[in-house]
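Because the structure is predicted, anything quoted here is derived from the model rather than measured.
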Amino acid sequence: MEHVKELLQSRIEEIHDPVQRVLLQDVLIDVFGELLRYSDRRFAGLEKKLDNEIQDFAHPYYIYTGVCKREHIDNTSRCLFEMDMGKEYGKGYLGKLFLACAYPSICNYLKHTYNAKVYTSQGDYETVVSLGYCREYIRVIENLYRQFNKNQKQWHTINCPFIYKLLAVSDIKGIVPEDADVQKVELLAEGLENSVINDVAFVWNVKEEIYKTRAWAAPAGKEEVYIHEIMLEDTEAGYLAVPEEEFFQTVFSQDSLYVHTRKKEYQNIKLLKIACMDADKDLTGLIYPLQTNKRQMRHADRQALSGPRCLCTKGEIERIISSYEISDEFELIDVCMDLQGTVPALDMNPFIKSHSLLKPKRKITLILHPKDSTDIFKYEKMFFLIAELQLYTDEYEWTGVLRD
């Protein structure tokens with residue numbers, strides 16, 4: 001109500017006669033002030049009513065990611081679970097290293113090879129290794145994207161800056177036997193020894209679960225579909241169905257999920273459960289704070305959900321990025337077209353294909369000020385915001401610049 005007081009004060013100060021000023025003050029505060037308060041309450045009620053009509057359907061599907069030492073995983077947690085990367089290793093694969101350094105340093109390390117000492121169950125070996133991004137984890141996120149797509153849910157970029165610090169180590173010379181059990185890789189390079197963190201694990205609030213179904217057949221034109229009803233105990237979580245067929249349809253009710261398939265009837269169906277984050281129910285020993293792609297939906301953001309996605313002004317760009325929690329760590333300085341000399345953006349959605357016919361694309365550059373200049377993840381966090389903006393427009397190429 002500060003604006004009401006300022007408005008009334010400005011009107012009272014225009015009267016110089018002290019008697020008239022007192023009388024006007026009583027009238028404004030008693031009558032006009034109550035009218036303004038009533039108007040504010042009515043507008044607030046209308047805004048709330050409109051917000052309830054326009055739901056944020058992404059709310060149960062916000063992803064939280066973190067990194068910890070493997071021995072510090074909380075196996076009893078109901079919120080965070082280890083991200084399973086599978087066993088798809090390439091030839092000469094020796095293991096993974098987590099490098100706690102900034103993005104420009106990572107880019108530099110990827111360009112060079114290093115002498116390394118490899119400790120294995122069959123003895124110690126000295127060889128030459130190269131570093132590269134751990135593609136297996138990128139494939140895990142790609143698979144999640146595909147499940148969003150199959151379940152007819154809108155995709156939002158996963159804010160997981162930790163993945164781009166985890167590098168796969170490959171034996172270039174092939175000296176280490178492929179059947180050897182690698183216990184440790186020591187890079188013989190000055191400056192790297194203080195940045196390496198071994199035996200890390202990624203955690204997120206996504207978990208695979210098998211659910212029993214109640215299934216029946218139903219006619220669909222000249223064909224037959226199988227409808228599977230799955231009762232959901234945790235109604236605050238988000239769910240993605242993963243049946244053993246490519247094309248299916250999901251229908252959500254208040255406490256149930258219906259999966260329509262065409263090939264066969266399933267007694268059990270695998271679901272990806274996206275748990276609601278509750279820090280009090282988790283004891284994972286995180287190395288760095290959790291990151292999320294969560295948005296704080298304001299009235300303008302909810303109204304924008306029902307309108308066309310059109311980026312025309314700096315204000316609209318600022319509205320979009322400021323809705324994400326991670327934006328609190330940055331200050332938007334400017335938005336520039338065709339700015340030269342920018343750092344190439346890290347593509348956080350490499351599996352989303354671009355079909356734009358406009359080549360070459362014009363570049364839009366976000367100039368951001370990181371509030372914590374020592375944050376080693378500041379570039380990756382900026383690239384997350386850029387990746388989200390890139391989903392809005394295909395005709396532009398988004399890049400970013402950090403200015404301390």
Decide yes or no on side chain to side chain contact (heavy atoms under 4.5 Å, CB included) for F162 and T65, but give the supporting numbers first.
CA-CA 8 Å; F162 317 109; T65 63; 3.8 Å; yes
Counting distance only, does the side-chain N/O of N143 pair as donor-acceptor with the main-chain N or O of R139 below 3.5 Å?
no
Using the side-chain hydrogen bond (donor to acceptor under 3.5 Å, both in side chains) rule, take Q296 and E325 through it: C-alpha gap first, then chi angles, then the decisive distance, then the call.
CA-CA 7 Å; Q296 297 290 351; E325 284 191 354; 2.8 Å; yes
Is there a side chain to side chain contact (heavy atoms under 4.5 Å, CB included) between L286 and L290 once you walk through the steps?
CA-CA 8 Å; L286 298 170; L290 284 176; 3.6 Å; yes
Might you work through the salt bridge (Lys or Arg N to Asp or Glu O under 4.0 Å) test for K150 and E246, ending with a clear yes or no?
CA-CA 8 Å; K150 292 178 181 179; E246 189 69 18; 3.5 Å; yes
Given side chain to side chain contact (heavy atoms under 4.5 Å, CB included), test L131 with I106 step by step and report yes or no.
CA-CA 9 Å; L131 303 176; I106 296 286; over 6 Å; no
Modelled atom types, side-chain donor and acceptor of Y324 and E388, under 3.5 Å
yes
Can you tell me if E244 has over 12 outside heavy atoms packed within less than 6.0 Å of its CD?
no
Option from K371, K378, H369, K381 for which side-chain contact (heavy atoms from CB on, under 4.5 Å) with E329 holds
K381
Are the side chain of D74 and the backbone of L283 linked by a donor-acceptor contact shorter than 3.5 Å?
yes
Checking H228 side chain against T213 main chain: does a donor-acceptor pair fall under 3.5 Å?
no
Do the side chain of N205 and the main chain of L80 share a donor and acceptor less than 3.5 angstrom apart?
no
With the side chain counted from C-beta on, respond yes when T284 and H72 share a heavy-atom pair under 4.5 Å apart, and no when they do not.
no
Is there a ring-ring contact (aromatic ring centres under 6.0 Å, His included) between Y288 and F377 once you walk through the steps?
CA-CA 10 Å; Y288 300 99; F377 301 104; 4.8 Å; yes
Evaluate side chain to side chain contact (heavy atoms under 4.5 Å, CB included) for T261 paired with F247, printing each intermediate quantity in order.
CA-CA 7 Å; T261 63; F247 302 104; over 6 Å; no
Decide whether a cation-pi geometry holds between K153 and F252; the criteria are a distance under 6.0 Å from NZ or CZ to the six-membered ring centre and an angle within 45° of the ring axis.
yes
Any chance the rings of Y103 and F383 have centres within less than 6.0 Å?
yes
So does D278 pair up with R78, basic N to acidic O under 4.0 Å?
no
Begin from the C-alpha positions of S77 and D282 and carry the test side-chain hydrogen bond (donor to acceptor under 3.5 Å, both in side chains) through to its verdict.
CA-CA 5 Å; S77 176; D282 177 73; 2.6 Å; yes
Quick one, E380 with K165, criterion salt bridge (Lys or Arg N to Asp or Glu O under 4.0 Å). Give me CA distance, side-chain angles, the key distance, then yes/no.
CA-CA 10 Å; E380 287 83 0; K165 306 296 186 188; 3.0 Å; yes
Evaluation steps, side-chain hydrogen bond (donor to acceptor under 3.5 Å, both in side chains), between S373 and D404
CA-CA 6 Å; S373 59; D404 294 333; 5.3 Å; no
Is a side-chain N or O of Q390 found less than 3.5 angstrom from the main chain of T393, in a donor-acceptor match?
yes
Return the orientation label for the Y62 and H59 ring planes: parallel under 30°, perpendicular over 60°, tilted otherwise.
perpendicular
What do the steps show when you test K361 against D394 for salt bridge (Lys or Arg N to Asp or Glu O under 4.0 Å), and what is the final call?
CA-CA 9 Å; K361 298 180 181 180; D394 191 36; 3.5 Å; yes
Report the C-alpha distance between E142 and Y137 in whole Å, list the side-chain angles of each, state the deciding distance to 0.1 Å, and finish with yes or no for side-chain hydrogen bond (donor to acceptor under 3.5 Å, both in side chains).
CA-CA 9 Å; E142 178 180 0; Y137 282 109; over 6 Å; no
Strictly distance-based, threshold 3.5 Å: is any side-chain N or O of Y109 a donor or acceptor partner for the main-chain N or O of G132?
no
Could you walk me through whether K270 and E208 pass salt bridge (Lys or Arg N to Asp or Glu O under 4.0 Å), step by step?
CA-CA 7 Å; K270 180 170 68 175; E208 290 187 359; 3.8 Å; yes
Surrounding CD of E71 (heavy atoms of other residues, nucleotides or ligands, distance under 6.0 Å), is the total greater than 12?
yes
Backbone of E318 reached by a side-chain donor or acceptor of S322 within 3.5 Å:
yes
Taking everything shown except Q152 itself, do over 12 heavy atoms lie less than 6.0 Å from its CD?
yes
Whether over 12 other heavy atoms sit under 6.0 Å from R70 CZ
yes
Is the backbone of I63 close enough, under 3.5 Å, to the side chain of T292 for a donor and an acceptor to pair up by distance?
yes
For E224, does the CD atom sit with more than 12 other heavy atoms under 6.0 Å from it, leaving out its own atoms?
yes
Give a yes or no answer on whether the side chain of E82 reaches the backbone of A201 with a donor-acceptor pair at less than 3.5 Å.
no
Between E229 and Y258, is there a donor-acceptor pair closer than 3.5 Å when you use the side chain of the first and the backbone of the second?
no
Close side-chain approach of E331 and L368, heavy atoms under 4.5 Å:
no
